[in-house]
Amino acid sequence: MATKDSTPSSTPPPGRGSAGSKGQGPPLEQMLADHYLKILAQAPVLIWRANTRAECDWFNDTWLSFTGRTMEQEYGNGWAEGVHPEDLQRCVAIWLGAFDKRESFEMEYRLRRHDGEYRWILDIGRPMQAVDDSFAGYIGYCFDITDRKKAEMELVLARESAEAANRAKSDFLANMSHEIRTPMNSIMGMSQLLAFTELTPEQQEYVDGILASSEGLLAIINDILDLSKVEAGKIDLELHSFSIRRSINEVVKAQMSAVVAKGLFLRPEIAGDVPDTLVGDQLRLKQVLLNIVGNAIKFTNEGGVTVSVTVREDRGEVVDLEITITDSGVGITAEAIDRIFSPFGQEDSSTTRKYGGTGLGLSISSKLVELMGGRIWAESRKNAGSSFRMVIPFLRSEEQLAPRPPSRSEARPLWEGKKLDILLADDQEASRTIMSRLLERFGHTLHTAADGEEVLHKWRERRYDVILMDVEMPTMDGNEAMRRIRELELGSGRRTAIIALTAHALKNQQEMFLQLGYDGYVPKPVELASLLQELKRCLPSCAVRQDVPSAPVPPPAVESVDIDRLADILSSVVPLLQQRNMMVMDKVNTLADAVPEFPMLSQLNQQIKQFDCTRALQTVQRLCDELNIRLDRPL
């Protein structure tokens, strides 16, 4: 819109063809124009007209009623007084740009109503043609879109609020991940250290149970912290062959401490016709069973719990199993049994106070069973125990599983590359101690730092093969320390491998750390095998070459071995091994100096570093037999 001409009346001004001779009526074109303007004057939308000079020269009655002004007030520059000051310059620019090109336009702006309120207007302008097809100016139609704009603004605010809430939730989950994983790192680290020691079968079973439960807990934590899965409401099943009997036994074993503490029994009953090897998501099935069995134990004070598995229907390649967990506990009322599978559902408010829990377990279990294609329901009577039944379809598997997988305490990872000089940065003293002891067992040299400034100081003084960098540290965090190291390395031709060793473990964070400049990423709690694998990936020179076999180094002649010195060393090593004294680790360098190239001695060194006392004593025996050494202390 541009300036308007002033006209003394509210009637349409004469058109271009209105100048006729005296006594003659107006020409047909003018009559038609006046006729249509009279029609448009009563139209229920705001309409304006502009002449060929981009000057608005007419407004319909609806416009005038909306603004509360007369035609005379709107002519000239009067109309501009109603446009919101923040919108006027933009509107004029759109109008003049469209007029110069004689093309249609649409724009939105705020126009003051007769009551003083600004209303949002959608203004649609179209060029007009005269009867002879010449350019005759513009006509515009305006619609009140205030309600739509309010809805759009509310939607924007809602979206911004939702995004802020999501950011807050992401920050909360990231912090929770860190807080949960930090103690988990100590639990799993100590368990892995314990697995390196000589264990009785009973102790080995306990360590396996700790590690298995820790891994199960970590898997559940990972899914809780995976925002995309939580918000999309979906969890992807991982289908693999597994042993149903082994899974049930692992669930029973994991719950035995709670059962023994309450003086209950917990027994599995698996029918003979149940196929042992099936295809399904073993982790999800065990998660469901742990939830329901744990609940059954919690609500049972006398008697016990039975986990039974039968074949509900055999359909050839698919077998429907019915799994029933029956307890002799307090039972559930008929009124409450329908709501126990809903989120936070409890029989009544006193349940949480008396027994604990959030009421999420059965809801999660129900959704997981449905995801696996099954269904779950409960049967119970108050003070007469409960039965939770589920029917789940599984594919049969032809895969032959090993009778017993290697126990976690026996499956010790190996390091066959060169020994590394490692700087470990972590503000938690327990984490530094655990990681140092674990990695020193593989012959690596560990230096530690408690914050980023100490990392920079030690990095300037010594060249390390790799830095294991915790991200959140006081004084200077890991990201800042890594950034400064990368800046100092520019142009030097030197690059130190830096691996983020962090309790931040959301799914999208690994890529983020790599983009920041880290060479690798290992989440806490640290699984030793994963850390060693990442070290090999980030330090290719550490990988053992398989293409060119190295020539075997012949053992030194027996005559070149200082038998007396070696006997003295072994005499001091044997009692430490027999007592399972950690001070035996200090003897490694002494042994290496005594016979540096003796293969059996290298094996003994490795066993001592792994604190494998039993095998180390066996190796000492073989050394003594081969070198004819007699020790003062019998083996």
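Here the structure is a predicted model, which is why all the values come from computation and not from measurement.
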Practice task
Identify, with sequence neighbours excluded, every residue that meets side chain to side chain contact (heavy atoms under 4.5 Å, CB included) alongside D477.
Solution key: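 So D477 forms a side chain to side chain contact (heavy atoms under 4.5 Å, CB included) with N479, E480.
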Problem - side chain to side chain contact (heavy atoms under 4.5 Å, CB included) against S436, all qualifying residues, sequence neighbours excluded - result: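 Only L424, E440, L446, T448 meet the side chain to side chain contact (heavy atoms under 4.5 Å, CB included) criterion with S436.
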What distance do [X] atom [atom1] and [Y] atom [atom2] have between them, rounded to the nearest 0.5 Å?
X    : Y    : atom1 : atom2 : result
K367 : I376 : NZ    : CD1   : 11.5 Å
D519 : F513 : CG    : CZ    : 13.5 Å
I187 : I434 : CD1   : CD1   : 9.5 Å
T433 : Q428 : OG1   : CD    : 10.5 Å
S431 : D470 : OG    : CG    : 7.5 Å
Y518 : I467 : OH    : CD1   : 10.0 Å

Practice task
Determine the sole option in E238, H240, Q287 for which the side-chain contact (heavy atoms from CB on, under 4.5 Å) test with D281 is passed.
Solution key: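 Only one of E238, H240, Q287 forms a side-chain contact (heavy atoms from CB on, under 4.5 Å) with D281, namely E238.
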Exercise for the section: Please say which of V305, V330, D327 ends up in a side-chain contact (heavy atoms from CB on, under 4.5 Å) with F299. Expected result: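 Single side-chain contact (heavy atoms from CB on, under 4.5 Å) partner of F299 among V305, V330, D327: V330.
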Exercise for the section: Answer yes or no: are there more than 12 heavy-atom neighbours, outside E163 itself, under 6.0 Å from its atom CD? Expected result: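 Count over threshold, so yes.
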Exercise for the section: Determine whether more than 12 heavy atoms belonging to other residues, nucleotides or ligands lie under 6.0 Å from atom CZ of R381. Expected result: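 Open.
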Do [X] and [Y] make a side-chain contact, defined as non-hydrogen atoms from C-beta onward lying under 4.5 Å apart?
X    : Y    : answer
Q255 : I297 : yes
N249 : P268 : yes
F442 : L528 : yes
L420 : T445 : no
I248 : L289 : yes
L532 : L439 : yes
T310 : L321 : no
V251 : V307 : no

Closest approach of [X] to [Y] (non-hydrogen atoms, all atoms of both residues):
X    : Y    : answer
T326 : S387 : OG1-OG, 3.3 Å
G303 : S328 : CA-OG, 3.5 Å
L278 : P275 : CD2-CG, 3.7 Å
V274 : V309 : CG2-O, 3.7 Å
S380 : G385 : OG-O, 3.0 Å
I244 : L285 : CD1-CD2, 3.6 Å

Can a donor-acceptor pair be found, under 3.5 Å and without considering hydrogens, that links the side chain of [X] to the backbone of [Y]?
X    : Y    : answer
K262 : T300 : yes
E534 : L531 : no
E454 : A450 : yes
R396 : G316 : yes

Handout entry: side chain to side chain contact (heavy atoms under 4.5 Å, CB included) evaluation trace for M476 with E453
Key = CA-CA 6 Å; M476 180 188 295; E453 288 186 352; 3.7 Å; yes
Exercise for the section: With sequence neighbours left out, write down each residue that passes salt bridge (Lys or Arg N to Asp or Glu O under 4.0 Å) with R315, or none if nothing qualifies. Expected result: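 For R315 the salt bridge (Lys or Arg N to Asp or Glu O under 4.0 Å) partners, ignoring immediate neighbours, are D320.
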Handout entry: Criterion side chain to side chain contact (heavy atoms under 4.5 Å, CB included) on D426 and L468, from CA distance to verdict
Key = CA-CA 8 Å; D426 198 308; L468 301 179; over 6 Å; no
Practice task
Go through the side-chain N and O atoms of S241 and T277 and say whether any donor and acceptor fall under 3.5 Å apart.
Solution key: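 No - no donor-acceptor pair under 3.5 Å links their side chains.
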Practice task
Could you name each residue pair satisfying salt bridge (charged side-chain N to carboxylate O under 4.0 Å, His left out) that touches residues 304-313, not counting sequence neighbours?
Solution key: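 Qualifying pairs, neighbours excluded: R312-E322.
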Practice task
On the 0 to 90° scale, with breaks at 30° and 60°, tag the W415-H444 ring pair as parallel, tilted or perpendicular.
Solution key: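 Rings of W415 and H444: perpendicular, as their planes differ by over 60°.
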Practice task
Evaluate the side chain to side chain contact (heavy atoms under 4.5 Å, CB included) criterion for residues M469 and I499: first the C-alpha distance (whole Å), next the side-chain angles of each, then the deciding distance (0.1 Å), finally the verdict.
Solution key: CA-CA 6 Å; M469 185 82 79; I499 296 175; over 6 Å; no
Handout entry: Pair K286 + E250: basic N to acidic O under 4.0 Å
Key =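 Looking at E250 together with K286, the answer is yes, because their closest N to O distance falls below 4.0 Å.
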Handout entry: Residues R245 and D276 bridged, charged N to O under 4.0 Å
Key =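 Answer for the salt bridge query: yes.
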What side-chain donor-acceptor pairs closer than 3.5 Å can you find for residues 150-159, not counting sequence neighbours?
{"unit_1": "E152", "atom_1": "OE2", "unit_2": "R148", "atom_2": "NE", "d": "3.2"}

Problem - Listed partners of F388 passing ring pair (Phe, Tyr, Trp, His ring centres under 6.0 Å), at least two apart - result: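 Residues passing ring pair (Phe, Tyr, Trp, His ring centres under 6.0 Å) with F388: none at all.
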Exercise for the section: For the pair L516 and M482, evaluate side chain to side chain contact (heavy atoms under 4.5 Å, CB included) and give the outcome as yes or no after the intermediate values. Expected result: CA-CA 9 Å; L516 287 175; M482 183 273 300; 3.9 Å; yes
